[in-house]
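These notes concern the structure reproduced below.
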Amino acid sequence: AVVSLKTIQHFPSGGYARRWFADVGASGARRAVLQFCGPCDGGDEKLRCQHREGKEDPFSGARCFMTEEAVVAELGKGWSVSWVHFEHLPKKMDYCNIWAGFVLA
């Protein structure tokens, strides 16, 4: 089975996101393709969720930010990153859209 999801960054809280990742990690799927928001340089930011507001803010609303390493940690033992692609956002935002593939060994 392959799990694919694009809207992780809209999860309502860190607790919800962590439970979702743990469920995917334990689902029996051996591959996951996920799109989320995180630092463009890879950074060391862990999973962080917050509510943001503003007309000019493309991240307005409930928003979770994370690195691919944070996703691996939340998926659980045996998961690793197989590929990653960063898309820089307009308006010189300091976050990117990140697409990443994960595999279970």
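Computed from heavy atoms alone, side chains included, the values below leave out hydrogens, waters and symmetry copies.
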Are side-chain heavy atoms of F21 and L34 found at a separation under 4.5 Å? yes

Mind checking whether I98 and V81 sit in one hydrophobic cluster, side chains of I, L, V, M, F, W, Y counted as touching below 4.5 Å? yes

Distance-minimising heavy-atom pair for T67 and P39: CG2-CG, 3.8 Å

Evaluate the pair C37, C96 and indicate whether the two SG atoms are within a distance below 2.5 Å. no

Distance-only donor-acceptor hits, side chain of residues 82-89, under 3.5 Å, sequence neighbours excluded:
from, atom 1, to, atom 2, distance (Å)
S82, OG, G101, O, 3.2
E87, OE1, N97, ND2, 3.1

Hydrophobic cluster membership, W20 vs V71, 4.5 Å side-chain cutoff: yes

Let's test your reading of the model: do C49 and C64 have SG atoms under 2.5 angstrom apart? yes

Residues L47 and A70: closest non-hydrogen pair is N-CB, 3.8 Å

Rounding to 0.5 Å, atoms NZ (K46) and CD (E69) come to a distance of 7.5 Å

Roughly how far, to the nearest 0.5 Å, is the CZ atom of F65 from the CZ atom of F36? 12.5 Å

Atom CZ of R31 and atom CH2 of W79: how far apart are they, to the nearest 0.5 Å? 10.0 Å

If only atom types and distance count, is the side chain of R30 paired as donor or acceptor with the main-chain N or O of L104 below 3.5 Å? yes

